[in-house]
2 protein chains.
Amino acid sequence: MMQNPQILAALQERLDGLNGSPSGYMESLPKVVKRRVNALKNLQVKCAHIEAKFYEEVHELERKYAALYQPLFDKRSDIVKAAYEPTDEECEWKADEEEELTDEMKEKAKLEEEKKDEEKEDPKGIPEFWLTVFKNVDLLSDMLQEHDEPILKHLQDIKVKFSDPGQPMSFTLEFHFEPNDFFTNTVLTKTYKMRSEPDENDPFSFDGPEIMSCTGCTIDWTKGKNVTLKTIKKKQKHKGRGTVRTVTKTVPNDSFFNFFTPPEGKSEGAADEDAEAVLAADFEIGHFIRERIVPRAVLYFTGEAIEDDDDDYDEEGEEADDEV
Amino acid sequence: MMQNPQILAALQERLDGLNGSPSGYMESLPKVVKRRVNALKNLQVKCAHIEAKFYEEVHELERKYAALYQPLFDKRSDIVKAAYEPTDEECEWKADEEEELTDEMKEKAKLEEEKKDEEKEDPKGIPEFWLTVFKNVDLLSDMLQEHDEPILKHLQDIKVKFSDPGQPMSFTLEFHFEPNDFFTNTVLTKTYKMRSEPDENDPFSFDGPEIMSCTGCTIDWTKGKNVTLKTIKKKQKHKGRGTVRTVTKTVPNDSFFNFFTPPEGKSEGAADEDAEAVLAADFEIGHFIRERIVPRAVLYFTGEAIEDDDDDYDEEGEEADDEV
């Protein structure tokens with residue numbers, strides 16, 4: 001079948017590199033069939049454009065539902081920051097009774113608890129709610145530095161705001177802080193601009209809205225409290241005289257709050273690979289906060305949140321094992 | 001802080017087992033705070049019910065868009081089965097010109113192609129389109145046996161049909177076959193019943209519609225063509241006389257077509273773990289055919305389909321490396 005293996009292999013290699021085809025199968029097809037496959041590919045491009053409209057409608061739906069969730073999220077925030085004390089009925093949690101502890105254990109646990117309550121002063125709301133959420137989520141705790149923690153204790157709410165209908169697709173994460181000694185802002189924001197449109201040069205990679213760029217905000221740090229900067233002392237030797245002097249330099253410091261000064265957006269193009277990777281990581285974090293953290297914060301606080309994605313992957317693995 | 005570590009540890013262990021809490025953090029909280037967290041959990045249950053309605057609306061949207069895709073899928077099917085020959089314009093594929101092959105290579109490739117075309121008889125439509133798709137997708141090729149291949153050459157289309165509005169949520173995969181020597185059915189079906197409703201006993205595990213059960217169809221095999229059964233010959237020795245006779249036994253045979261006789265649904269409850277795993281694998285396959293294969297079959301045919309999920313995971317890995 002292969003008349004000249006070298007040429008076919010070279011062709012295949014090039015094609016593999018060009019469009020990611022793992023098989024070179026297309027090249028082995030008769031011309032008339034390849035022609036028809038191209039017709040299917042053109043139909044597929046049309047599908048991608050319909051899919052883009054579908055995701056726009058899903059976005060509209062998400063906006064509609066955001067308004068339905070909001071009263072519940074507002075109540076959550078009020079409870080966290082002690083603006084509202086829930087009633088006994090609101091605090092009744094069925095599962096508590098289902099925990100199969102022996103009476104003896106329950107009794108002892110109760111005694112422990114009473115002791116604990118006596119020791120501590122009366123806590124307001126749910127102290128360190130969001131800080132605890134951050135600590136329990138690997139993606140966020142990786143960004144967290146020790147010096148960020150006292151600041152994040154003042155975080156009272158994270159809200160997601162969607163772009164208005166008819167506007168370019170975007171969402172803003174709002175971090176609401178109580179008055180604190182670190183900065184004067186009450187809200188820090190991060191906005192992600194999205195695009196639900198197949199890339200003309202690569203329509204088949206389209207798989208729903210993409211985050212295109214993001215913008216942070218300026219944090220008005222109180223003097224001496226900016227944790228995103230640190231001063232380092234450096235000894236400098238005078239070339240001629242040989243005398244040594246110490247200079248102080250201000251350099252960037254690792255901090256969660258660097259999240260609010262993201263690198264430039266995708267559109268720049270010229271950005272190097274490192275910047276691309278930083279941006280990709282930033283997008284992932286923004287998306288995760290929007291999709292998982294804000295909708296179900298309490299489950300990350302208690303540790304009950306289930307990572308379904310991982311479960312799916314495990315199942316796939318198991319299934320593969322069974323088949324082999 | 002811990003007055004009696006053993007009791008607290010025992011408590012924590014039990015709680016970890018009961019609700020998957022990795023930290024036992026809840027138990028360390030003062031009673032008044034735990035009370036408020038329970039209030040948040042009750043709010044979270046309400047969110048899960050709103051989310052369920054959201055997914056019902058997404059399902060409606062999917063039904064609406066299925067109707068928009070259908071003319072394109074019908075055309076795809078017509079091209080595959082040679083019911084329609086696409087025009088030159090429909091077959092023009094821009095990327096073809098972009099392949100940076102040298103003129104010499106192009107010329108040689110063209111000659112190869114012409115030779116190939118001369119050798120082969122004129123193929124109709126796109127031969128073995130769906131069989132090739134199946135072979136290119138690990139999840140499906142794992143199910144594929146050699147004896148399935150001649151049958152799947154007759155597969156002409158896979159369609160997804162959604163349940164009507166107001167009906168319980170479900171979707172049916174329709175496998176359309178051309179007349180063949182193996183069975184008399186023209187369509188084989190597999191229906192998945194779904195539920196978009198948080199489980200009352202475990203509302204927090206809700207993460208969109210779940211497949212609850214599935215039903216297949218009876219395949220009317222032509223005599224001697226049923227690949228899901230095989231006959232084995234067994235030698236039996238008569239206990240008393242010691243004479244040996246050969247008996248023929250019919251036993252199940254590995255085949256993709258077992259997909260149409262799935263195990264019983266989740267609702268049975270009593271099913272053992274093995275059956276659960278088989279069912280989970282089946283659900284995954286049905287979902288994958290619906291979500292990926294049918295919408296973008298040509299990309300699995302050519303090998304261009306990109307697994308975005310894997311990409312995401314790689315990025316996460318890279319990001320973690322950068323941070324550490």
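Quantities reported herein were computed from a predicted structural model and do not represent experimental measurements. Below, chain A is the first sequence line, B the second, and so on; all start at residue 1.
- Highest contact tally toward chain A, considering only B:Arg35, B:Glu90, B:Arg36, is held by B:Arg36 [criterion: heavy-atom pairs under 4.5 Å].
- Nearest heavy atoms, B:Met26 versus B:Val37: SD-CG1, 3.5 Å.
- In this structure, chain B has a heavy atom under 4.5 Å from the backbone of A:Thr87, while its side chain stays farther away.
- Between chain B and the options A:Val58, A:Leu61, A:Val33, heavy-atom pairs under 4.5 Å are most frequent for A:Leu61.
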Under 3.5 Å donor-acceptor pairs involving side-chain atoms of residues 43-51 of chain B, not counting sequence neighbours:
unit_1	atom_1	unit_2	atom_2	d
B:Gln44	NE2	A:Pro295	O	2.8
B:Glu51	OE1	A:Arg296	NH2	3.1
B:Glu51	OE2	A:Arg296	NH2	3.1

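- Residues B:Ala82 and B:Gly125 come closest through the heavy atom pair CB-N, 3.4 Å.
- With a 4.5 angstrom heavy-atom cutoff, A:Asp254 does not touch chain B via any of its atoms.
- The aromatic rings of B:Tyr65 and B:Tyr69 lie tilted to each other, with the angle between the two planes from 30° to 60°.
- Applying the salt bridge (Lys or Arg N to Asp or Glu O under 4.0 Å) test to B:Lys81 and every residue at least two apart in sequence or in another chain returns nothing.
- For A:Lys64, the part lying under 4.5 angstrom from a heavy atom of chain B is the side chain only.
- A salt bridge links A:Asp207 and B:Arg292; the closest N-O separation between the charged side-chain nitrogens and carboxylate oxygens is under 4.0 Å.
- Ranking B:Asp88, B:Asp138, B:Val80 against chain A, the residue ahead of the rest is B:Asp88, based on heavy-atom pairs under 4.5 Å.
- B:Glu85 touches chain A through its side chain: at least one heavy atom from C-beta onward sits under 4.5 Å away, while N, CA, C and O do not.
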